[in-house]
Amino acid sequence: MSFSQRTRLCGDLRAEHAGQEVVLNGWAHKIRDLGGLTFVDLRDRSGIVQMVIDPAKLDPKEIRSECCLAVRGKVALRSEETRNAKMSTGDIEIVVDAFDILGPAKPLPFPVSDEDQMRSVNEELRVKYRYLDLRRPSMHRKLALRSAAVTKMRRYLDERGFYEIETPIFTKSTPEGARDYLVPYRLEPGKFYALPQSPQQYKQILMVAGMERYYQIARCFRDEAQRADRQPEFTQLDMEMSFVTQEDVLQLIEGLGVTVTNELIAEFGMDLEPIEPFFRLTYDESMARYGCDKPDLRFGLEIFEITDHVRESGFGVFKNAVEAGSRIRGLRYPGGSILSRKDVSGLEDFCKEYGAKGMASFYVAKSADDGEGVISLPNGMFVRGGCSKFLSESELLSILSEAKSEPGDLLCFIADEYAAGNNVLYRLRNEIGSRCGLRDPRKLKFGFVLDFPLVEWNPEGGRWDSVHHPFTAPKAEDLQYLETDPGKVRADCYDVVCNGAEWASGSIRINRPDVQARIFHLLGIDEATQQARFGHILEAFQYGAPPHGGIAPGIDRYIMFLLGEDNIREVMAFPKVGSGYDPFMDAPSPIDPMQWAELGLRLS
RNA sequence: GGGGGUGUAGCUCAGUGGUUAGAGCGCCGGCCUGUCACGCCGGAGGUCGCGGGUUCAAGUCCCGUCAUCCUCGCCA
């Protein structure tokens with residue numbers, strides 16, 4: 001089959017092309033039939049151009065929305081009054097001499113050419129008709145950005161001596177972490193491959209194999225509940241390096257992040273400030289100041305602590321909590337003094353959703369007559385309401401000082417055990433940040449969170465679990481506590497966070513069998529289990545394993561940051577819906593009875 | 001696994017227990033030579049997610065169920 005092949009792209013045409021004969025290929029974007037004259041906007045990947053058809057010469061009736069066209073015509077300058085300044089091709093139009101419908105189109109399930117209306121179209125429908133949804137220029141731009149991002153990452157790593165190496169998709173289940181997706185093995189019913197949750201073990205083996213610098217745009221599979229930012233399959237830029245320290249890995253990823261991000265911001269004309277060098281926080285600092293290990297540093301609002309100031313307080317809630325071992329910490333809500341009692345009560349309910357027992361608070365008034373029951377303090381400040389009347393003058397002064405409070409604030413307090421309180425304060429801080437509009441949408445605040453603990457106590461299991469994974473190296477100076485005080489051992493383990501979300505996670509790995517053995521002992525993984533699960537990698541490590549480490553940033557999430565998208569579906573070509581269902585392919589779907597038999601499977 | 005929201009025309013949504021369930025856009029037909037959200041006239045189009053129940057009467061109330069979106073748990 002032949003067709004009239006294009007000589008130009010729609011979006012490239014300008015006044016300078018006036019008079020030229022062109023052939024264009026594309027889709028009918030919008031059609032305006034005026035009777036004696038028909039306009040059709042033709043769209044290809046490059047943009048949109050208006051065509052004019054004279055029905056006296058050509059019948060335009062067969063042209064329907066989103067049909068695929070080949071068009072022959074002449075570029076004509078539009079008259080002054082008919083130019084469209086809103087279109088980059090608006091100075092010209094194509095006077096059509098002939099057209100072919102290369103692919104006719106049925107009526108559409110949703111208004112493809114109307115970006116405004118598309119914003120509210122049902123998500124499942126968009127996924128089901130993804131090939132139509134993706135025709136939209138806004139969706140094209142997302143995938144173009146993603147393509148450019150991956151290209152830049154590849155180039156950055158290639159220039160630094162990395163090999164791109166593929167690792168298997170059919171691999172072995174390691175029953176730690178997330179649930180595996182499994183693939184039955186036909187030759188021996190009852191045996192299964194697992195799809196990789198990440199290429200973790202392969203990339204370490206590549207270091208044992210002397211590859212020294214590896215990366216891969218790696219698909220990862222995890223069978224867990226979905227979220228707005230999670231899909232059952234997602235993509236990581238997986239990396240590993242030999243003979244490196246933690247600092248080497250950090251500098252590599254920071255260099256990559258800053259370079260690629262700032263190039264993309266410039267090339268795509270994104271409404272974002274160039275990103276700065278990554279901030280650095282230790283895990284302990286991050287927890288103390290922001291209540292979490294992925295702080296949003298687009299705004300300040302740090303957690304303050306007043307435990308020592310209210311130890312003997314007349315306010316029973318605080319005093320009793322401290323006696324019970326809780327800590328009293330809080331956040332300032334800038335401008336929160338205008339909140340009604342009902343608003344504050346709503347804020348307290350918010351905290352309770354995250355497990356808080358309650359939330360104490362008081363207003364920092366602007367003057368002595370700013371509301372009822374104002375207490376004047378000797379430093380010239382005023383407080384009122386909430387628990388202020390139960391606190392002594394010196395307690396109030398200490399609290400205002402710790403909170404770095406300003407007139408007009410609402411001060412919020414959470415009394416709880418450290419970890420539980422952190423969770424509440426983390427959520428509350430983000431909530432206040434949102435309510436006060438403190439998240440600048442033009443900022444991307446990338447940074448490192450360092451020195452994660454090696455293990456954490458699992459109360460249900462009654463054992464120590466790896467915070468990262470069992471191959472994570474303990475810090476050399478903390479090795480001495482491995483048996484005596486495991487919770488105190490920090491790891492050479494690091495995250496990169498951005499705007500309150502985790503971007504990348506990585507660590508220096510254990511390369512010495514004796515240390516690995518101590519870790520397995522700590523984690524309660526006995527010899528037999530070690531052999532069954534990790535025998536292959538443990539043996540590999542007995543043949544001269546180099547010191548090595550790596551990191552793996554999420555590609556999908558990166559594009560979400562750049563675009564300010566809240567949903568991962570928006571940055572993937574073919575996402576699944578929340579249940580893991582693909583409404584286009586109708587997957588998963590039943591298999592033929594023959595296939596059951598062949599695999600030696602049946603439902604219980 | 002838990003919580004919340006949504007489900008009515010192709011799409012987005014209205015719809016007080018009571019007549020033949022509506023609107024905008026889209027679609028189909030007609031008119032229209034400068035539109036770019038074209039305009040005007042006419043028309044077709046409904047398993048009110050599904051199943052049960054209450055009621056003289058259910059899109060509307062109740063119970064169950066399914067799907068979807070968000071969320072808590074979960075995600076080494």
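So that the names make sense, note that chain A is the first sequence line, chain B the second, and so on, each numbered from 1. Atoms considered below: every heavy atom in the structure, side chains included; atoms not considered: hydrogens, waters and symmetry mates.
- With sequence neighbours excluded, no residue forms a side-chain hydrogen bond (donor to acceptor under 3.5 Å, both in side chains) with A/S286.
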Could I get a table of every N or O pair under 3.5 Å where one atom is in the protein and the other is in nucleotides 5-10 of chain B?
unit_1	atom_1	unit_2	atom_2	d
B/G10	O2'	A/P109	O	2.9

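- Within 4.0 Å of A/S579, counting heavy atoms only, lie sugar-phosphate atoms of the nucleic acid but no base atom.
- Salt-bridge check for A/E224 with A/R230: failed, with every basic side-chain N at 4.0 Å or more from each acidic carboxylate O.
- The side chain of A/Y581 has B/U68 as its nearest neighbour among B/C27, B/C70, B/U68.
- Side chains of A/D586 and A/S589: a donor-acceptor N/O pair is absent below 3.5 angstrom, by distance only.
- Using a 4.0 Å heavy-atom distance criterion, A/A228 is classed as a sugar-phosphate-only contact.
- The cationic group of A/K488 lies under 6.0 Å from the six-membered ring centre of A/Y481 and within 45° of the ring axis, placing it in a cation-pi geometry.
- Within 4.0 Å (heavy atoms only), A/Q200 reaches at least one base atom of the nucleic acid.
- Using a 4.0 Å cut-off, no side-chain N or O of A/R230 falls inside it from OP1 or OP2 of B/C74.
- Here, B/U16 and B/G10 have their C1' atoms 29 Å apart, quoted to the whole Å.
- Atoms CG and CD, on A/L538 and A/E527 in that order, are 8.5 Å from each other to the nearest 0.5 Å.
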| request: Spell out protein contact along nucleotides 29-42 of chain B as letters: B when the base is contacted, S when just the sugar-phosphate is, - when no protein heavy atom is under 4.0 Å; keep the 5' to 3' order. | output: ---BBBBBSB----

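- Side-chain N/O atoms of A/R222 and base N/O atoms of B/C75 include no donor-acceptor pair closer than 3.5 Å.
- Minimum atom distance to the side chain of A/R569 is reached by B/C70, of the listed B/U12, B/C74, B/C70.
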